Protein chains: 2
Amino acid sequence: MQRIATISDVAHLAGVSVATASKALNGKDQVRAETRQRVLEAAEQLSFKPNPAARSLLGGPTRTVGLLTSDSVGRFGIPVMLGAEDAFGAGEMAVLLCDARGDSIREQHYIRTLLARRVDGIIVVGESTDSRPSISRDLGVPVVYAYGPSDDPGDVSFVPDDLEGSRTAIKHLVTLGRRRIAHVTGLATYQAARERAEGAAAALADAGLEPGPVFWGQWSQRWGRQAAAMVLHADPEIDAVFCGSDQIAAGFVEAARERGRRIPEDIAVVGYDNWEVLAAESRPPLTTIDPNLEVLGRTAAQHLFAAIDGRATPGVHRMPVQLVIRDST
Amino acid sequence: MQRIATISDVAHLAGVSVATASKALNGKDQVRAETRQRVLEAAEQLSFKPNPAARSLLGGPTRTVGLLTSDSVGRFGIPVMLGAEDAFGAGEMAVLLCDARGDSIREQHYIRTLLARRVDGIIVVGESTDSRPSISRDLGVPVVYAYGPSDDPGDVSFVPDDLEGSRTAIKHLVTLGRRRIAHVTGLATYQAARERAEGAAAALADAGLEPGPVFWGQWSQRWGRQAAAMVLHADPEIDAVFCGSDQIAAGFVEAARERGRRIPEDIAVVGYDNWEVLAAESRPPLTTIDPNLEVLGRTAAQHLFAAIDGRATPGVHRMPVQLVIRDST
DNA sequence: TACATTTCCGAAAACCTTTTCAGTTTTTCG
DNA sequence: CGAAAAACTGAAAAGGTTTTCGGAAATGTA
């Protein structure tokens, strides 16, 4: 492996000065076309890449962004992260990964490290849709929040539109002719649970239907199974269930099937999250709401670009979600 | 937000020259203890952090490593990645994240980008334990492979010890008194499937038992269910099944239960991977082999450190895995 | 006191790129 | 052809840090 070429090697090979070489390579218009060509060829030949350290020393952008995640479990944060990385990586941005493990001391440490490295911006990925403390104040670089929004409405946040998602789910069930629709979901301490319940209630009202029973519990398959017993016992008229997550839905259909209910003939079931390993492998495969997390991450990254360019878009942006129809409805 | 402090600010505040300040901060022994103290206090007061760009411009290390993943699905690569990030982040290393999406063109592009940024080393995270083409040749920086080993035995690779893992699983079943043990696993094109089958066969031989039937299929719950029918039909004497993944095991126990078999009384089941959402939520919860992916990632990162220091440890290192006992055995 | 050592400090160079500004060459126009 | 304008080129500086090396101060020795 040979020494890495610098711009003066290029200039020398092309027979021009360093300054001219720089201008040629950066598309400045103070250099003759023919000279530029020579420089570009020399650069190609030496496979020259400018040293980012020297570049950023000049005070220009570092073309580096920080990706700060708090998602110890990884189910939601990671697709967002990959979507963001995708959007950045396609350009010439580099992504510095920091996993704070939900520890605010670590988070502070990472923020200082990122600032010391002069990142152009930071994207903060939450582990739930609950809002989190803002880190943007006095930071000096733009910040975008993905999945978990900032508690400061002046910040830029992107969250999946759970209200719309649950409306879509209920509408789908209503279209199929279901009239008595229960909702089984997770802990009410989660914003996601509250919003999904709220959206479901609103959609039922829109359709002129009575609000169905709502069962709050855990985000687990176990709770889905327990809830199945409760739901079937509580009201035999129920012909559809909207579940707050695919885990709950998977548990529900399993237990309901064991009790002799046919899915979807007797009871139609809609899940949430489109967690492939559960939704597609369940029996029957689950109709569910896909929160499009990669798109969300990618969008957040694009808006961070914009913010770096000074075109910030404050507020909490609700990103569209998608109904994925499988065999449970 | 105030201007970021430079070392000359620190030097000025401490009443010394820039050179002395640098030496004091970096623990060089050419500075009086009292002077050093003054400098350190000044640095603290200004919350000075050295500019990494300026530092690496000198040709020293950039304290940056690349993390190159090809794991589009994320099940295995991501814990490894987080483990690695953990080991790096605890020090003062920064991690540049690159997700090549299994595309070798993208991979090449990222490698060039990482080299241009003068990373001190690269860690390559595979998406399966199958070996992958080496990228180390003529790269100029050390590379460590995690999960998916390099095809060049001169490289440094870390993989979970599937041979030992499957031996452990079988030994566990034998200890419980099971004598007729089937193996249901994924596609034989996967190294993981082959090694797990091999380890299982060896352990059976060690225990003086006949080799049990082996069923090759997919890595899916569906295949686990199908296999249950085949296993139960093929040999009613079978009293235990070792599955090549938790997905398969989850499908197997579900289907076996439906056919009236009690787990673990009639048939004991061991899974593989300790994928919490499946293994812990299955009925009954699955005994399984945990490949300790975060530890693997952390270890790989530590060895990358060593390699950067010139103390490389070539070869494919098999990392210990762990038996997690739940209710299916 | 004179000299030799040791200890400590600071000036300056080096790392690589971009940008500014002044100087030089070429072109255009009368 | 001569002069003005335009086009092009290169020297130098800046950015923050580390390192080297020479010099100054303090200490030890004769």
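None of these values were measured; they are calculated from a predicted model. Throughout, protein chains are lettered first and strands after them, A, B, ... in sequence-line order, and every chain is numbered starting at 1. Side chains included, hydrogens not; waters and symmetry mates left out as well; all remaining heavy atoms used.
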Checklist entry - How is B/Ser56 classified with respect to the nucleic acid when contacts are heavy atoms under 4.0 Å: base, sugar-phosphate, or nothing? => result nothing

Would you please say whether a donor-acceptor pair under 3.5 Å links the side chains of [X] and [Y]?
| X | Y | result |
| --- | --- | --- |
| B/Ser157 | B/Asp155 | no |
| A/Glu41 | A/Gln45 | no |
| B/Asp152 | B/Ser134 | no |

Checklist entry - Of A/Arg55 and B/Leu57, whose nearest nucleotide on DNA chain C comes first from the 5' end? => result B/Leu57

In this structure, how many angstroms lie between the [atom2] atom of [N] and the [atom1] atom of [X], rounded?
| X | N | atom1 | atom2 | value |
| --- | --- | --- | --- | --- |
| B/Asp29 | D/dT20 | CG | P | 13 Å |
| B/Asp9 | D/dG16 | CG | C1' | 11 Å |
| A/Arg118 | D/dG15 | CZ | P | 13 Å |
| B/Arg36 | C/dC9 | CZ | C1' | 13 Å |
| A/Arg38 | D/dT9 | CZ | C1' | 11 Å |
| B/Lys49 | D/dT17 | NZ | C1' | 16 Å |
| B/Leu58 | C/dC15 | CG | C1' | 6 Å |
| B/Lys28 | C/dC9 | NZ | P | 15 Å |

Item to check | Candidates D/dT17, C/dC9, C/dT17 - which lies nearest the side chain of B/Gln30 | outcome: C/dC9

Checklist entry - Counting side-chain heavy atoms from CB outward, which of C/dT19, C/dC8, C/dT18 is closest to A/Asn26? => result C/dT18

Checklist entry - So, are B/Arg101 and B/Asp103 salt-bridged, with charged N and O less than 4.0 Å apart? => result no

Checklist entry - Would you call B/Asp86 and A/Arg106 a salt bridge, taking side-chain N to carboxylate O under 4.0 Å as the test? => result yes

Checklist outcome for this item: Between B/Ile7 and A/Glu34, whichever has its closest DNA chain D nucleotide further toward 5' is A/Glu34

Checklist entry - Should the heavy atoms of other residues, nucleotides or ligands under 6.0 Å from NE2 of B/His109 be counted, would the total exceed 12? => result yes

Next on the checklist: Surrounding NE2 of A/His317 (heavy atoms of other residues, nucleotides or ligands, distance under 6.0 Å), is the total greater than 12?
Outcome noted: yes

Checklist entry - Are side-chain heavy atoms of A/Pro291 and A/Leu296 found at a separation under 4.5 Å? => result no

Next on the checklist: Quick one, A/Thr129 and A/Tyr190 - any side-chain contact, counting heavy atoms below 4.5 Å?
Outcome noted: no

Checklist entry - Is B/Ser8 near enough to D/dT17 that one of its side-chain N or O atoms lies under 4.0 angstrom from OP1 or OP2? => result no

Next on the checklist: Does the protein touch nucleotides 22-29 of chain C at the base, only the backbone, or not at all? Give it as B, S and - per nucleotide, heavy atoms under 4.0 Å.
Outcome noted: --------

Checklist entry - Going by heavy atoms closer than 4.0 Å, what residues in residues 17-25 of chain A are next to DNA chain D? => result A/Ser17, A/Ala19, A/Thr20, A/Lys23

